[in-house]
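The block underneath contains the structure these notes are about, expressed in structure tokens.
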There are 2 protein chains.
Amino acid sequence: MPRSSNNPATKAASVTLATVAQRAGVSPQTVSNALNSPELLRPETLDRVLRTIDEVGYRPHRAAQTLRTRSSKLIGYGIRPTAPGASAPVMDRFLHALSQTADEAGYRILLFASPSGGAGLDGYEELLDLHSVDGFVLSGTERGDQRQAWLEKRGVPFVAFGRMWSGRQIGDWVDVDGASGTDAAVEHLVGLGHRRIAFLGWPRGSGVGDDRAEGWQRAMRRHGLPVRGRRAQSVDDIASAQAAVGPLLDAGATAVITASDMLALGCYHALRERRAVPGTDIAVVGFDDNPMAALLSPGLSTVAQPLEAVGRECVRLLLARMSEAGAPPERVLLEPSLVLRDSTSASDA
Amino acid sequence: MPRSSNNPATKAASVTLATVAQRAGVSPQTVSNALNSPELLRPETLDRVLRTIDEVGYRPHRAAQTLRTRSSKLIGYGIRPTAPGASAPVMDRFLHALSQTADEAGYRILLFASPSGGAGLDGYEELLDLHSVDGFVLSGTERGDQRQAWLEKRGVPFVAFGRMWSGRQIGDWVDVDGASGTDAAVEHLVGLGHRRIAFLGWPRGSGVGDDRAEGWQRAMRRHGLPVRGRRAQSVDDIASAQAAVGPLLDAGATAVITASDMLALGCYHALRERRAVPGTDIAVVGFDDNPMAALLSPGLSTVAQPLEAVGRECVRLLLARMSEAGAPPERVLLEPSLVLRDSTSASDA
DNA sequence: CGAGTTCATTGGAGCGTTCCAAAACCATTG
DNA sequence: CAATGGTTTTGGAACGCTCCAATGAACTCG
């Protein structure tokens with residue numbers, strides 16, 4: 001039976017429960033039940049009511065529902081100015097995935113502008129009071145992030161994209177296992193015969209960056225490969241990466257794994273500068289699968305985050321938390337995937 | 001006088017108008033007036049009520065306001081998967097600016113996932129019915145976009161980031177004058193002494209791409225410079241751009257203006273391939289100011305869109321439209337700015 | 001000094017929904 | 001056939017706010 005009609009027929013000023021009720025010859029309450037507790041109605045009545053709903057194109061008015069039930073079916077998300085190191089394409093895809101999954105579960109994402117600094121808790125409070133959002137999704141968690149503790153204290157459901165990098169673990173989160181990504185990159189390179197595999201990371205101290213370094217290190221150790229002199233760091237900037245990777249190349253590295261595609265691009269430049277070809281002479285692996293990575297030549301092999309899955313899991317955990325506040329926290333660590341392109345292919349030329 | 005308190009004092013279960021009214025010794029209606037029509041109150045009363053509001057940390061409940069006033073103070077925005085050609089960083093910054101300006105005007109952005117295809121009008125209808133959004137912001141307008149006509153027909157206020165590229169002009173829009181950007185790029189290059197200035201664009205037919213080409217062409221004509229044989233096209237992909245720019249270089253171009261930073265990156269590769277240095281040997285100008293542009297070496301000169309201003313104007317036009325539905329449509333074309341980096345500096349080495 | 005006028009404040013209703021408790025219906029049964 | 005118990009339906013109130021019309025207070029003027 002068709003539940004959503006395409007010809008909203010008369011669709012006059014406003015179709016309310018009462019409209020439907022009258023037309024179907026039942027009470028407004030019954031119409032409400034037809035939608036919220038269909039098992040209460042006699043099948044025959046249910047059918048008639050649903051048909052009428054369809055005919056007149058009735059849609060429940062969310063504001064009224066919110067007022068009555070104290071639940072807005074809204075999820076708050078504080079959008080921050082793109083932080084250095086956090087790539088816009090990643091956030092963009094995440095937000096789309098999040099919005100999509102939320103939609104499918106009958107929820108919507110309500111944006112608010114959040115200052116870049118960790119602070120800006122006011123925004124969260126305001127959304128809570130004014131719009132009675134049912135929960136929040138955080139992203140870009142940092143060391144010393146105060147948001148989780150603040151939300152927990154108020155008993156507000158939330159889920160973070162990004163684990164807690166410091167202090168006591170609070171609440172649910174979904175994250176991508178960066179260490180596993182760089183580990184896999186090492187594995188792949190070792191399989192190709194590389195032994196002198198270097199890592200170009202961000203300055204120590206950022207949770208995300210250290211995690212990615214960690215995977216490289218453990219995989220190297222596992223294979224009995226030395227890491228000393230094979231690691232360098234740079235801010236997320238091409239020129240600076242280009243400079244930082246120099247010593248690694250001088251030390252004879254045959255492959256470089258980086259903490260971001262930007263850093264990888266810096267390696268490309270350094271290689272070109274030395275008349276070397278990425279992929280053919282030196283293998284390079286980036287991180288994040290920036291759209292640019294596919295477009296480079298040779299294409300940049302990189303570690304891709306499963307952002308659709310992250311979005312999906314965020315919604316799933318949040319819904320679970322909202323339905324059972326006391327449940328033990330759930331933490332999901334998703335596997336990134338290694339996208340292989342020409343920057344890691346042993347040239348056959 | 002402090003209007004927003006930081007210590008919400010008792011902030012019990014829920015603070016309503018009635019709570020405040022009782023505590024201030026006035027009627028609920030008076031409290032409402034204090035916020036919505038303060039000029040109706042005696043200054044003395046107003047003061048007392050506002051103070052009480054502050055003390056108890058009262059915040060009006062939006063759902064109740066929405067229900068009563070039929071205005072949600074919500075602006076809908078259909079977020080699409082990043083389209084090819086449209087850069088994620090651009091959309092990201094735009095969305096942030098939009099959200100911020102909306103916040104300041106007391107509005108919020110409500111996201112919904114919209115399919116990439118032009119269709120997906122259902123999403124708009126649903127947001128309208130369910131959440132009674134007050135208006136929409138569109139972005140990524142294309143040739144033959146149906147959204148504007150659809151919204152106009154229903155009398156729903158909207159504003160588009162992106163002009164109408166085909167058909168009758170409908171509604172308000174804000175856009176960036178791409179032609180003016182490439183025109184300015186030509187001007188700058190001519191000032192540096194360049195005469196053989198080429199353009200690498202996208203395949204004809206996309207509104208945005210053709211617009212950017214147009215500016216180059218008209219500036220060239222204005223300076224009496226030939227355009228024949230100085231134009232090539234490529235999809236937004238580095239390798240393909242690299243190939244497409246070849247003939248232009250062969251034909252002796254000393255500078256290349258491109259429709260996007262990706263295409264410019266393709267030029268960089270082509271130049272490296274020929275042992276030429278961007279900036280020193282051949283000038284390159286990109287478009288969009290992708291974060292990557294600043295990080296390249298040499299830094300890529302590029303045309304930057306004033307996204308904060310776009311966001312601000314979108315909100316301004318939308319608010320105007322909402323307050324006066326019948327006003328003549330307003331269309332704002334903003335000037336992009338040329339960001340100069342080393343890819344256009346006559347080398348002094 | 002009472003009637004008219006303006007200004008400030010209030011009471012009641014209603015927005016569309018769901019909660020709660022009570023009512024109607026229907027078939028069994030003692 | 002009245003009483004019982006279960007299923008299905010209903011009426012009224014309430015969520016928090018703002019609209020509207022009406023009241024009360026203060027002030028002006030013949």
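Atoms considered below: every heavy atom in the structure, side chains included; atoms not considered: hydrogens, waters and symmetry mates. These figures come from a predicted structure and were not determined experimentally. All chains are named by letter (A, B, ...) in the order of the sequence lines, taking the proteins before the strands, and each is independently numbered beginning at 1.
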*Please check if the side chain of A:H131 supplies one atom and the backbone of A:V133 the other of a donor-acceptor pair under 3.5 Å.*
no
*Separation of atom NZ in A:K73 from atom P in C:dT17, rounded to whole Å*: 15 Å
*Tell me: CD of B:Q22 to P of C:dT9, nearest whole Å?*
19 Å
*Over how many whole Å does the gap from B:H131 atom NE2 to C:dT17 atom P extend?*
14 Å
*Salt bridge between A:R321 and A:E330, side-chain N to carboxylate O under 4.0 Å?*
no
_Expressed as a whole number of angstroms, how long is the span from A:L40:CG to C:dT18:C1'?_
13 Å
*Can you tell me the distance, in whole Å, between the CG atom of B:N33 and the P atom of D:dC17?*
13 Å
*asked:* Does C:dT18 have its OP1 or OP2 closer than 4.0 Å to a side-chain nitrogen or oxygen of A:N36?
replied: yes
_Selected nucleotide, minimal atom distance to B:R42 side chain, candidates C:dG16, D:dG16, C:dA8_ = C:dA8
*With respect to the side chain of A:S32, which nucleotide from D:dT10, C:dT9, C:dT18 is positioned closest?*
C:dT18
*Closest to the B:R70 side chain: C:dC15, D:dG16, D:dC17?*
C:dC15
*Look at the side chain of A:S14 and decide which nucleotide, out of D:dC17, D:dT9, C:dG16, has an atom nearest to it.*
C:dG16
*asked:* What I want to check is whether an N or O donor and acceptor connect the side chain of A:R68 with the base of C:dT17 at under 3.5 Å.
replied: no
*Please determine if B:D172 and B:R331 form a salt bridge, counting it only when a charged side-chain N lies under 4.0 Å from a carboxylate O.*
no
*Return yes if a side-chain donor-acceptor contact under 3.5 Å exists between A:S114 and A:Y77, otherwise no.*
no
*Would you indicate what B:T45 reaches in the nucleic acid, counting non-hydrogen atoms under 4.0 angstrom: base, sugar-phosphate, or nothing?*
sugar-phosphate
*asked:* D:dC15, OP1 or OP2 - any side-chain N/O from A:T69 closer than 4.0 Å?
replied: no
*Provide, to the nearest angstrom, the distance between the NE2 atom belonging to A:H61 and the P atom belonging to D:dC15.*
19 Å
*In whole angstrom, give the distance that lies between atom CG of B:D129 and atom C1' of C:dG16.*
14 Å
*Consider the side chain of B:L67, meaning its heavy atoms from C-beta on, and name the nucleotide among C:dC15, C:dT18, D:dT18 that approaches it most closely.*
C:dC15
*Establish, with yes or no, whether the OP1 or OP2 oxygen of D:dT8 is under 4.0 angstrom from a side-chain nitrogen or oxygen of A:T30.*
no
*asked:* Quick check: on DNA chain C, is the nucleotide nearest A:L17 upstream (toward 5') of the one nearest B:S27, or the reverse? Name the residue that is more 5'.
replied: B:S27
*Rounded to the nearest angstrom, tell me the gap between atom CG in B:L41 and atom P in D:dA25.*
18 Å
*Take A:Y58 and B:E39, find for each the nucleotide of DNA chain C with the closest heavy atom, and name the residue whose nucleotide sits nearer the 5' end.*
B:E39
*Any idea which of D:dG16, D:dT18, D:dT9 is nearest the B:T16 side chain?*
D:dG16
*For D:dT18, take OP1 and OP2 only and decide whether either is under 4.0 Å from a side-chain N or O of B:Q65.*
yes
_Nearest listed nucleotide, side chain of B:P60, among C:dG16, C:dT9, D:dC17_ = D:dC17
Under 3.5 Å donor-acceptor pairs involving side-chain atoms of residues 93-100 of chain A, not counting sequence neighbours:
from: A:R93; atom 1: NH2; to: A:E308; atom 2: OE1; distance (Å): 3.1
from: A:H96; atom 1: NE2; to: B:I79; atom 2: O; distance (Å): 3.4
from: A:S99; atom 1: OG; to: B:A113; atom 2: N; distance (Å): 3.4

*Taking only Lys NZ, Arg NE, NH1 and NH2, and the carboxylate oxygens of Asp or Glu, determine whether B:E126 and A:R59 approach each other closer than 4.0 Å.*
no
*Please determine, for the side chain of B:A64, which listed nucleotide (D:dG16, C:dG16, D:dT10) has the closest atom?*
D:dG16
